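In what follows, a single structure is set out as structure tokens and then discussed.
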2 protein chains.
Amino acid sequence: MKLKLPEITVYRLALYLRVLERLSREGRELVRSEELARLCGVSPAQLRKDLSFVGTFGVRGVGYQVRSLERELKRILGRDRIWHLALAGLNELGKALLAERRLQEKGFRFVAVFDWREEWIGKVIHEVYVYSLEQMPYLVKESEIEIGVITLAGEKAREMVQALSRSGIRAILNLGPEPLEAPRSDLIFRHADLTLSFDLVSFALSSGYGSVR
Amino acid sequence: MKLKLPEITVYRLALYLRVLERLSREGRELVRSEELARLCGVSPAQLRKDLSFVGTFGVRGVGYQVRSLERELKRILGRDRIWHLALAGLNELGKALLAERRLQEKGFRFVAVFDWREEWIGKVIHEVYVYSLEQMPYLVKESEIEIGVITLAGEKAREMVQALSRSGIRAILNLGPEPLEAPRSDLIFRHADLTLSFDLVSFALSSGYGSVR
DNA sequence: TGCTGTGAAAGTCTTCACAGCT
DNA sequence: AGCTGTGAAGACTTTCACAGCA
């Protein structure tokens, strides 16, 4: 339970799992570190070292069983269960997340949207009901919502962080364009901004950098 | 022009710029490394070291001029110009990107959508015209499109990579859920998958990890 | 005085290269 | 024979602590 691994390793384990899920769908039974690494854009040594942090899954001289490695990584990443999520504040990116079947399939299930605008409350977006902020504490508890997702920026984003925190949520994923300050240290708090990757591309293009990753 | 800095530093420079843009909007003139670092969730030494890779912008004993640091970082990141983008393949996430005013404001302008489905071709989504794949080589050249954005997965995603590459695009940003193989090494190629950050949160929750970043 | 810029030290991550097993 | 698992070496990144300057 108290597994301590580098954050970058966790990120890559999730990436390996993506590719394993695909190989598994395609019916592959066995994969070697060299191929899986190439598909993920990392070195074989990196892949084997990452796996060695969390267990020993391969067979020497043979490779890895796709299904069993997939199952083990799911367990390690906490992807062997259903998580209940709430979207705090509705915008286009938020709607895209609600519509994303792939997230549902992976066990990330949005069970509520919270918004402050009267005209949205009571509506149903991609099968998820929109509630007012007043209902948040009750619903977080009753629906066992553990992860709050924010796609907004600015003052509204900060209000949502406060509301989620006070409602007893366990984790907040900030997908908006600004870093926000964590309200409490016992709350898991991540910032992942899609739009930053546009800046990385623009830098690469204008600095004469080569291909990245 | 041949600036060689750690990728993680480029990422953080983009993050600093986000916060500077906000401070600038709020009318702040001066900021010290300690405050800017806190707002970005990094250490002051980190921030100063990152900046030292690309120049010297501060005044000792005083701090940084918000506007001039903002301008310098924009120049370094290639954000002092307009970039023309194409969306290759339309889905919910793609529509959300087209609608994202913040990207436009930052100089990332979608000028075309390409799709293989007859029923979409000729439509206009969030003011952007949908073209067929046949028109891609011509339009990439005529409209000076340098960055292709993909939000799809699977076989369609791989087809789009091929089509973009053959049309002479300079960079591809893969926002879909699977890593893809780069078609050529002279093409800038990035994978940034929002859905991976959900796995990181799920790991943090189930491993008893503390707050992250 | 006070905060930046930066060598040097500490810490972390990646790669190497081969032992260990099937 | 062949591929994984892993200590040890090497590369890279972060932090420290203070010189340098307004």
Side-chain angles (χ1 to χ4, degrees), chain A residues 3-16 19-20 23 28-70 72-73 76 200 203 209-210 212-213, chain B residues 3-16 19-20 23 28-73 76 179 200 203 209-210 212-213:
Chain A
L3 209 45
K4 182 72 198 220
L5 39 170
E7 167 141 347
I8 183 86
T9 291
V10 181
Y11 171 89
R12 282 190 305 254
L13 291 177
L15 192 64
Y16 306 152
V19 175
L20 286 166
L23 292 175
R28 277 289 289 282
E29 306 227 318
L30 198 76
V31 70
R32 280 180 244 103
S33 67
E34 196 256 317
E35 182 184 7
L36 184 52
R38 182 171 42 72
L39 292 172
C40 297
V42 305
S43 75
Q46 176 95 264
L47 176 107
R48 296 202 302 273
K49 178 64 92 181
D50 283 339
L51 293 180
S52 80
F53 282 122
V54 292
T56 85
F57 308 112
V59 180
R60 289 167 200 233
V62 179
Y64 302 89
Q65 294 293 328
V66 170
R67 285 197 182 278
S68 85
L69 184 53
E70 179 191 4
E72 290 298 315
L73 289 185
I76 289 155
L200 298 193
F203 171 77
Y209 231 46
V212 184
R213 175 101 39 100
Chain B
L3 207 46
K4 183 73 197 223
L5 37 170
E7 166 142 347
I8 183 84
T9 292
V10 180
Y11 171 88
R12 282 189 305 253
L13 291 177
L15 193 64
Y16 305 153
V19 175
L20 286 166
L23 292 175
R28 276 289 289 280
E29 307 226 318
L30 197 75
V31 70
R32 280 177 245 104
S33 67
E34 196 256 314
E35 182 185 7
L36 184 53
R38 183 171 42 74
L39 292 172
C40 296
V42 305
S43 74
Q46 176 97 262
L47 175 107
R48 297 201 303 271
K49 177 65 90 180
D50 284 337
L51 292 180
S52 80
F53 282 123
V54 291
T56 83
F57 308 113
V59 181
R60 289 168 200 233
V62 179
Y64 302 90
Q65 293 293 328
V66 170
R67 285 197 181 278
S68 86
L69 185 54
E70 179 191 3
R71 191 171 49 244
E72 291 298 316
L73 289 185
I76 289 155
L200 298 195
F203 171 76
Y209 232 46
V212 183
R213 176 100 38 98

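Within every chain, numbering begins at 1; the chains are lettered A, B, ... in the order of the sequence lines, protein sequences first and strands thereafter. Note that the structure is a prediction, hence the values are computed from the model and not measured.
You'll find that the side chain of B:P6 is closest to D:dT13, out of C:dT15, D:dT13, D:dC16. Among the nucleotides D:dC16, D:dG7, C:dG7, the one closest to any side-chain atom of B:K49 is C:dG7. In this structure, of C:dG2, C:dA19, C:dC13, it is C:dG2 that holds the atom nearest to the side chain of B:R60.
Toward the 5′ end of DNA chain D lies the nearest nucleotide of A:V62, the other residue of the pair A:G55 and A:V62 mapping further downstream. A residue-by-residue look at A:V59 and A:Q46 shows that A:Q46 has its nearest nucleotide of DNA chain C further toward the 5' end. Both B:V31 and A:D50 sit near DNA chain C, but only B:V31 has its closest nucleotide nearer the 5' end.
The distance from atom CG of B:L69 to atom CD of B:E72, rounded to the nearest 0.5 Å, is 8.0 Å. Rounded to the nearest 0.5 angstrom, B:I8 CD1 and B:Y11 OH are separated by 7.5 Å.
Between the side chain of B:R48 and the base of C:dG5, at least one donor-acceptor pair of N or O atoms lies under 3.5 Å.
Between the OH atom of A:Y16 and the P atom of D:dT4 there is a distance of 13 Å, given to the nearest Å. Taking atom CG of residue B:L13 and atom P of nucleotide D:dT13, one finds them 13 Å apart after rounding to whole Å. The separation between B:R12 atom CZ and D:dT13 atom P is 9 Å, rounded to whole Å. As rounded to whole Å, 12 Å separates atom P of C:dT14 from atom OH of A:Y11. Atom C1' of nucleotide C:dC13 and atom CZ of A:F53 are separated by 8 Å, given to the nearest angstrom. Residue A:E35 contributes atom CD, which lies 11 Å from atom P of D:dT4 at whole-angstrom precision. Atom C1' of nucleotide D:dT14 and atom CD1 of A:I8 are separated by 15 Å, given to the nearest angstrom. Regarding A:E34, its CD atom lies at a distance of 15 Å from the P atom of C:dT15, rounded to whole Å.
A:L39 has its side chain within reach of A:L23: a pair of non-hydrogen atoms, C-beta onward, lies under 4.5 Å apart.
For B:R28, the CZ atom counts as densely surrounded, since its 6.0 Å shell holds more than 12 non-hydrogen atoms of other residues, nucleotides or ligands. Within 6.0 Å of CZ in A:R38 there are more than 12 heavy atoms belonging to other residues, nucleotides or ligands.
Remark: B:Y64 is not in phosphate contact with D:dA22, judged by side-chain N or O atoms under 4.0 Å from OP1 or OP2. OP1 or OP2 of D:dC3 lies within a sub-4.0 Å distance of a side-chain N or O belonging to A:R32. OP1 or OP2 of D:dT15 lies within a sub-4.0 Å distance of a side-chain N or O belonging to B:S43. In this structure, A:S33 does not reach the D:dC3 phosphate: none of its side-chain N or O atoms is under 4.0 Å from OP1 or OP2.
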